[in-house]
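Shown next, in structure tokens, is the structure this report addresses.
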Amino acid sequence: MTNFKQLFEHETIQDIVLFLSGRNEEGIAHPRLDGYTTTFSNGLISTIELIKIVKIMSEQGLISSNKKGGYKKGPLWKAPKFVTEKKYGIK
């Protein structure tokens, strides 16, 4: 099971968004992403900041719309280092 508390304590929000958007083909719904951020970032990332971050990441081609109100891998998506190292209980 992924340890989201440690993940949010040690990784950048951009890498976390990359991880969550790439976990499966459907990506992640924005409300769920916002929920993770609200629950685990200890108030460090506001909803407005999250919207700005995903907009920039979309413009950069790192993530793209999944056409269902969320995000999936973009054409320039790359797995964050912590994913390839299988940290935080990631399988």
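For the numbers below, each heavy atom of this structure counts, side chains included, while hydrogens, waters and symmetry mates do not.
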Notebook entry, point to check: Rounded to the nearest 0.5 Å, what separation is found between the NZ atom of Lys73 and the CZ atom of Arg23?
Noted result: 12.5 Å

Item checked: Over all atoms of both residues, closest heavy-atom pair of Asn66 and Ile28 -> ND2-O, 4.0 Å

Next item on the list: Please identify each residue that fulfils side-chain contact (heavy atoms from CB on, under 4.5 Å) with Ile56, with sequence neighbours left out.
Entry: Gln60

Note to self: If I compare all heavy atoms of Glu11 with all of Ile16, which pair ends up nearest, and what's the gap?
What the structure shows: O-CD1, 3.9 Å

Next item on the list: For His30 and Ile51, run side chain to side chain contact (heavy atoms under 4.5 Å, CB included): C-alpha distance rounded to whole Å, both residues' side-chain angles, the deciding distance at 0.1 Å, then the answer.
Entry: CA-CA 9 Å; His30 184 85; Ile51 291 169; 4.1 Å; yes

Check: So do the side chains of Lys72 and Ser64 get within less than 4.5 Å of each other, counting heavy atoms only?
Finding: yes

Note to self: Nearest 0.5 Å, please: how far is CD in Glu9 from CD in Gln6?
What the structure shows: 6.5 Å

Note to self: For Leu20 versus Tyr36, what's the shortest heavy-atom pair and its separation?
What the structure shows: CD1-CD1, 3.8 Å

Item checked: From CA spacing to verdict: side chain to side chain contact (heavy atoms under 4.5 Å, CB included), Tyr71, Leu33 -> CA-CA 9 Å; Tyr71 316 100; Leu33 177 61; 3.9 Å; yes

Margin query: Tell me whether the rings of Phe82 and Phe19 are parallel (<30°), tilted (30 to 60°) or perpendicular (>60°).
Written below: perpendicular

Notebook entry, point to check: What is the minimum heavy-atom distance between Leu50 and Asp34, and which atoms define it?
Noted result: CD2-CA, 3.7 Å

Next item on the list: Could you tell me whether the side chain of Lys91 reaches within less than 4.5 Å of the side chain of Lys86, counting heavy atoms only?
Entry: no

Next item on the list: Measure the spacing between OG1 of Thr37 and CZ of Phe4 and express it to the nearest 0.5 Å.
Entry: 10.5 Å

Checklist line | Partner residues of Glu85 under the side-chain contact (heavy atoms from CB on, under 4.5 Å) criterion, sequence neighbours left out | finding: Lys81, Lys87

Next item on the list: Under the side chain to side chain contact (heavy atoms under 4.5 Å, CB included) rule, what do Tyr88 and Leu7 come out as? Steps first, then yes or no, please.
Entry: CA-CA 6 Å; Tyr88 314 112; Leu7 180 67; 3.6 Å; yes

Check: Lys78: what forms a side-chain contact (heavy atoms from CB on, under 4.5 Å) with it, not counting sequence neighbours?
Finding: none

Margin query: If I compare all heavy atoms of Gly22 with all of Trp77, which pair ends up nearest, and what's the gap?
Written below: CA-CZ2, 3.9 Å

Check: Is any side-chain heavy atom of Thr39 closer than 4.5 Å to a side-chain heavy atom of Phe8?
Finding: no

Next item on the list: Give a yes or no on whether Glu25 atom CD has more than 12 heavy-atom contacts from other residues, nucleotides or ligands under 6.0 Å away.
Entry: no

Margin query: Using side chain to side chain contact (heavy atoms under 4.5 Å, CB included), reason through Leu18 and Met57 one step at a time and then give a plain yes or no.
Written below: CA-CA 9 Å; Leu18 286 173; Met57 292 177 72; 3.7 Å; yes

